[in-house]
Amino acid sequence: MLHGLLSFTQLYGLYLTTHPFVLFKTGWTDKYIHTETYFKHPFVSGEVAEALVANGIKFLGIDTINADQTGGTEFPVHDLFSNRSLMIGENWGHFDRIQSDNFYLASFPIRWHCDGSPVRPVAIEVVDDD
């Protein structure tokens, strides 16, 4: 899995160095919501998380319920991001509606008593004056 990321960073290194976030669109939730398979989702390995942080990523967003393996006993992505005061957004969706590569990403907290910290994520397109 790390090999794939190294290829990715070689191809998209400029993107990783100019954007402090990465969004993983797996399509898992759309396909497996309300099934037992939903909990066996793709996740980010500790090695990939370390490589992302080394490339300046400060926020990781993913459309599955957990950036780490659900049901596991170790949480390398959460531990790494927490120890460095970085952020993770899980269970995000509608990445396909982002129509631009040039946008800000904002998260507005929702007052809702539950596990975690629910937010309303918003992508704000930046339009150049050129």
Side-chain angles (χ1 to χ4, degrees):
M1 193 163 190
L2 183 58
H3 175 69
L5 179 70
L6 293 175
S7 300
F8 176 83
T9 57
Q10 289 167 356
L11 291 171
Y12 299 100
L14 177 63
Y15 183 84
L16 285 175
T17 58
T18 59
H19 294 77
F21 58 86
V22 65
L23 303 175
F24 287 96
K25 181 183 186 296
T26 69
W28 196 260
T29 298
D30 294 336
K31 192 170 183 180
Y32 295 110
I33 190 79
H34 305 300
T35 71
E36 194 59 35
T37 304
Y38 176 71
F39 297 99
K40 298 175 180 145
H41 58 83
F43 56 92
V44 180
S45 73
E47 290 175 300
V48 168
E50 288 174 18
L52 290 170
V53 170
N55 278 279
I57 297 300
K58 299 181 182 338
F59 175 83
L60 180 155
I62 191 165
D63 64 352
T64 63
I65 60 171
N66 196 339
D68 285 301
Q69 183 176 11
T70 295
T73 57
E74 296 181 10
F75 305 97
V77 178
H78 282 83
D79 292 344
L80 174 66
F81 274 66
S82 178
N83 290 339
R84 299 201 180 181
S85 299
L86 305 175
M87 299 185 71
I88 298 171
E90 298 163 324
N91 228 9
W92 284 27
H94 307 297
F95 294 150
D96 56 324
R97 294 184 184 174
I98 300 172
Q99 300 295 314
S100 172
D101 287 336
N102 193 15
F103 61 94
Y104 290 106
L105 188 60
S107 307
F108 301 99
I110 298 173
R111 189 175 185 158
W112 193 7
H113 300 288
C114 65
D115 182 27
S117 301
V119 298
R120 179 169 309 281
V122 178
I124 305 164
E125 183 177 4
V126 176
V127 180
D128 293 329
D129 291 334
D130 297 338

Kindly list each side-chain donor-acceptor pair under 3.5 angstrom involving residues 84-91, sequence neighbours excluded, with atom names and distances?
residue : atom : partner : partner atom : Å
Glu90   : OE2  : Ala67   : N            : 2.9
Glu90   : OE2  : His78   : NE2          : 2.9
Asn91   : OD1  : Tyr38   : OH           : 3.4

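Closest heavy-atom contact between Ala49 and Val77: CB-CG2, 3.9 Å. Residue Phe95 comes nearest to Lys25 through the heavy atom pair CD1-CB, 3.5 Å, listed as atom of the first residue, atom of the second, then distance. Residues Pro76 and Gly46 share a closest heavy-atom pair of CB-CA, 3.9 Å.
Residues Phe81 and Phe24 share a hydrophobic cluster, clusters being chains of Ile/Leu/Val/Met/Phe/Trp/Tyr side chains in contact below 4.5 Å. Hydrophobic cluster membership differs between Val127 and Ile124, with clusters built from Ile, Leu, Val, Met, Phe, Trp and Tyr side chains linked at under 4.5 angstrom.
Between Tyr32 and Trp28, the ring planes lie tilted relative to each other; the angle falls in the 30° to 60° range.
Summarising the geometry, atom CG belonging to Leu52 is positioned 6.5 Å from atom CG belonging to Leu60; distances are rounded to the nearest 0.5 Å. With rounding to the nearest 0.5 angstrom, the CG atom of Leu80 is 7.0 Å from the CG atom of Asn83. A distance of 7.0 Å separates CD1 in Ile98 from CG in Leu105, rounded to the nearest 0.5 Å.
Residues Asn66 and Phe43 form no side-chain contact, since every pair of their non-hydrogen atoms from C-beta on lies 4.5 Å or further apart. In this structure, Val22 and Asn55 have side chains that are not in contact, with every pair of non-hydrogen atoms separated by 4.5 Å or more.
For Thr26, the side-chain hydrogen bond (donor to acceptor under 3.5 Å, both in side chains) partners at least two apart in sequence or on another chain are Asp63. Among residues two or more places apart in sequence or in another chain, the ring pair (Phe, Tyr, Trp, His ring centres under 6.0 Å) test is passed with Tyr104 by none. With sequence neighbours left out, Arg111 forms a side chain to side chain contact (heavy atoms under 4.5 Å, CB included) with no residue at all. Not counting sequence neighbours, the partners of Ser100 by the side chain to side chain contact (heavy atoms under 4.5 Å, CB included) test are Asn102, Glu125. With sequence neighbours excluded, the residues satisfying ring pair (Phe, Tyr, Trp, His ring centres under 6.0 Å) with Phe59 are Trp92.
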